[in-house]
Amino acid sequence: MDRRIIANEEWLWGWDPTPGIVSVWAEANGRAVVWRRDPQTGVLVREQARFRPWLVLDRIDDLPGLAHRELDGPGALRYFLSAEDGTALASAICRARGVRHLRELGQESVLSLPPEEQYLVATGRTYFRDLSFSHLRRMQFDLETTGLSPEDSRIFLIAVRDPDGNTEVLEGPDEADLIRRLVAKVQAVDPDVIENHNLQGFDLPFLDHRASVLRVPLALGRIGAPGLRQRPGRRRVRYVVPGRELIDTLDAVLRYDFAARDLPGHGLKEVARHLGIAKTDRENIPGDRIFTVYQTDPDRVRRYAASDVEEVAELARMMGGAAFALATMAPRRYERLADAGAATGVIDPLLVRAYLRSGMALPSHRSGDGTAHTGAALHLFASGVARRIVKADVASLYPSLMRAYRIGPERDHLGVLLAIVDQLVERRLAAKAAARAAPPGSSAQHTHEALSAAMKLVVNSAYGYLAAGDGLTRFADVHAANEVTRRGRETLGLMCSELAARGVTLLEADTDGVYFSVPESWTEVDERRVVSEVNALLPPLVQLEFDGRYAAMLSHEPKNYALLTYDGKLLLRGVAFRSSRAEPFGEAFLKVSIARLLVGDVAGVREAYLTTVDSLRRRELTTYAVSSRVRLTKTPERYLETRVSRRELAYEAMLASGRTAWSIGDKVRVYRVNGGSAGVVEDGLDPRDYDGEHYARLLRETFAARLARAFEPDDFAAVFADPGQMSLFGRSIASISTVLTQHDT
DNA sequence: TTGTCGCGGGG
DNA sequence: GTGTACGCGACAA
């Protein structure tokens, strides 16, 4: 085989075939423990390994006598040093350079990875070879506590789900005993992976704190002394346990939403509902009510907690596959790949391993030369209502441009980044095909889809890696990044002008995609034909694809629009049309009125408006429907201090409802009560004492306003005129039509 | 009014 | 061990 191809394979997957690694724990003293699961039998084995801790330095003239190897090429980090004991090596260097820790040398002078990564890079091993996601032994647990803060609340119940899907609820008045039982359960089940939503942000810190207060040893790991260890992380400290991978589904959700941008929120319940994981009869209890409900109806809380771990298990399965697949490529722990950003978290380790494998020196991080980073193009050609909509886009535009024009980091002399992107793009096609060929719902399908998702993630972050500012990534190159975006703007411009030349009306174009409206006489065949005609004019490897067709579109602002599909479904995109804090009545009104608008039923829009105004004024809508969700950020004491100068609805509502004790972070639904006071929506109560006039005003000024671009100003005023003042407008609603306004671009 | 900061999540 | 969510409300000036 071609030597270059072999190199590329190793760059992507490492080279050591050892199968079944499910966890690695290594220490600076050169000892590593590797847990492997036999792909055939599923049996877990623990292996002790020795490795030579290593690091790479910029110079060694001050370190006479230290064994080293000089790497090839022009990179600044060129002296590879290794030793029996990494601690001794590090302290020898620190002594010579007069620092207390290697970190102080700065990343321009030293590359020093965590011990596990040293081990994986040096051996060419990766996690999970020959293993599929379903082989992993995954356990979920969820704490139910009396409050959010471990200082003044406690654990009263723990739901646990084992890898075979059995759910158990631990409870009892003795919190220390509860924690001991959780620890015993973890030891008995011996999972490879522990999962929960916001595990790192809530459950582990809470557990850690309570266990230390109660002096219960937290022996959750497979080896070593009890107690959670910590490592610094992006958002906060991350907890680590030897032998097990800690997976926080919140990380997967954030990563998913970063690309998809279609989640209503990032909470477990919202995501589970959105993805169709949640059972329809799922028990739901507002967070601040859980302990109260437990005292009168403990069964409800048991069901609630059990649903949580079951939903987490399914969510982790659906979203965890990508990180699992990444762990078969990059020399990092599975849990690190699950929470890291793709650029520094995945691509950088791949590049480092490739360079060292090739015996090449690495560039050190370097700040830019002051050249500004230039971004993508965004055009709003027209706003208002248009019909016969087509969306066309270029999948993975930036990586395609990098491949087409061979734009890579200047200092990547081996060409690893482009080689990796080339290979991932090609292999992804195979993975997608394999996923399509696999039986629906099978483990094989999950594996191929996850691999494809992982490859897409890496490919799409190759540009981000290039463009990362101010020394963030090792090979960052603002000139190369600017060349990519310049080609991107050029490509988008070409797409738009060639589409326009073929008789379509351009609506909106952003980075790599364009919405346009086609003439009335066109069929779908015509629509597809122009897309493929324009595609033929684009650079090789850059593929313009027909992404969808819609009956109508309300274009409000860039990235804020509504689409009506040909089978009558309404899609709302952008913050103007979906806000988690919006009052339910407003969301409902938007849905109905825009649906009417997009079928050309202006009278129906008016009708929806009148009905809503009327129901608000008569208080026919529930109190819940007008309430909005708020998060309390001040303690009662702190609010009382500022109350004289500034009254806030949420806290006034709490006080008016007699709820004088609350904690920071509590979420409640509040509303404006008739007469100027405020109220909290209590479980199961519906007092209907809200200020209908206030909400009628909100309807017009906040919600109806989002349809403003659909009409001429006078017509807008007529459609949304107050029912009492209709006579001011002499014209009939039926004669009003929607408009599309062209903008200069 | 305009600018800056912190949040999202978890009970 | 690396960070660049990104859009919104709260708070200060």
Side-chain angles (χ1 to χ4, degrees), chain A residues 102-103 106-107 110-114 117 142-150 152-158 196-207 231-238 248-251 253-259 261 263-271 285-294 301 304-305 308 312 332 336 339-345 348-349 365 373 375 461 463-465 467-474 476 481 559-560 574-576 578-582 628-634 642 645-646 648-651 662-667:
Chain A
L102 278 181
R103 264 198 307 273
Q107 55 191 8
V110 62
L111 165 65
S112 166
L113 299 178
E117 293 174 26
D142 186 49
L143 307 181
E144 300 304 332
T145 66
T146 58
L148 285 169
S149 137
D152 41 47
S153 10
R154 61 182 174 84
I155 304 164
F156 67 90
L157 183 148
I158 305 175
N196 196 18
H197 202 67
N198 206 13
L199 179 69
Q200 292 283 356
F202 180 72
D203 298 82
L204 291 177
F206 202 106
L207 190 60
R231 67 176 157 86
R234 275 183 309 161
R235 294 191 294 276
R236 52 163 63 86
V237 295
R238 315 285 299 202
D248 189 336
T249 48
L250 180 58
D251 293 320
V253 163
L254 293 174
R255 183 183 274 182
Y256 166 89
D257 201 37
F258 183 70
R261 292 195 305 153
L263 292 177
H266 300 143
L268 175 63
K269 283 88 186 163
E270 288 169 297
V271 175
I285 310 173
D288 60 330
R289 302 272 307 145
I290 291 173
F291 186 55
T292 317
V293 171
Y294 183 69
V301 176
Y304 169 85
D308 268 16
V312 160
R332 295 195 113 180
R336 297 276 290 116
D339 73 38
T344 51
D348 207 56
H365 292 248
H373 175 235
S461 55
Y463 165 77
Y465 184 89
D470 224 37
L472 280 173
T473 61
R474 187 177 306 279
K559 298 187 186 189
N560 281 275
V575 285
R578 41 168 70 246
S579 158
S580 59
R581 247 168 301 191
S628 59
R629 199 169 87 127
V630 295
R631 180 178 185 273
L632 304 177
T633 56
K634 293 175 182 171
T642 57
S645 59
R646 184 194 178 91
E648 295 174 55
L649 184 74
Y651 302 99
W662 65 81
S663 327
I664 289 176
D666 282 0
K667 280 169 211 144

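Chain identifiers are assigned alphabetically (A, B, ...) following the order of the sequence lines, protein sequences preceding nucleic acid strands; residue numbering begins at 1 within each chain. All of these numbers come straight from a predicted model, not from anything done at the bench.
We find that CZ of A:R238 is positioned 12 Å from C1' of B:dG9, with the value rounded to whole Å. In this structure, A:I290 atom CD1 and B:dG10 atom P are separated by 10 Å, rounded to whole Å. The distance from atom CG of A:D248 to atom C1' of B:dG10 is 10 Å, rounded to the nearest whole Å. Following rounding to the nearest Å, A:R289 (CZ) and B:dG11 (P) show an atom-to-atom distance of 16 Å. The interatomic distance linking A:F206 (CZ) with B:dG9 (C1') rounds to 15 Å, in whole Å. In this structure, the CG atom of A:D288 is 8 Å from the C1' atom of B:dG11, given to the nearest Å. Protein atom CG of A:D251 is 15 Å distant from nucleotide atom P of C:dA5, rounded to whole Å. If you measure from atom CZ of A:R255 to atom C1' of C:dT4, you get 15 Å, rounded to the nearest angstrom.
Between B:dG11, B:dG9, C:dG1, one nucleotide has an atom nearer to the side chain of A:N198 than all others, and that is B:dG9. Each of B:dG9, C:dG1, B:dG11 was ranked by its minimum atom distance to the side chain of A:H266; first place goes to B:dG9. Distance from the side chain of A:E144 is smallest for B:dG11 among the nucleotides B:dG11, B:dG9, C:dT4. For A:E270, counting side-chain heavy atoms from C-beta on, the closest listed nucleotide (C:dT4, B:dG11, B:dG9) is B:dG9. Distances were taken from every side-chain heavy atom of A:L268 (C-beta onward) to each of B:dG10, C:dG1, B:dG11; the shortest belongs to B:dG10.
Comparing the C1' positions of C:dA5 and B:dG8 gives an interatomic distance of 10 Å, to the nearest angstrom. For B:dG11 and C:dC6, the C1' atoms lie 27 Å apart once the distance is rounded to whole Å.
Atom-to-atom distance recorded for A:D339:CG and A:D248:CG is 8.5 Å, nearest 0.5 angstrom.
Heavy atoms of A:R154 sit nowhere under 4.0 angstrom from any nucleic acid atom. Heavy atoms of A:D152 sit nowhere under 4.0 angstrom from any nucleic acid atom. When heavy atoms are screened at a 4.0 angstrom cut-off, A:L143 is found touching the sugar-phosphate backbone but no base atom. Using a 4.0 Å heavy-atom cutoff across all strands shown, A:D203 reaches no nucleic acid atom at all.
Partners of A:F156 under the ring-ring contact (aromatic ring centres under 6.0 Å, His included) rule, at least two apart in sequence or in another chain, are A:F291, A:Y294. Partners of A:D308 by salt bridge (charged side-chain N to carboxylate O under 4.0 Å, His left out), not counting sequence neighbours, listed by chain and number: A:K269, A:R282.
The backbone N or O of A:D142 sits nowhere less than 3.5 Å from a side-chain atom of A:H197 that would complete a donor-acceptor pair. A:T146 places a side-chain N or O within 3.5 Å of a backbone atom of A:R154 that can act as its donor or acceptor partner.
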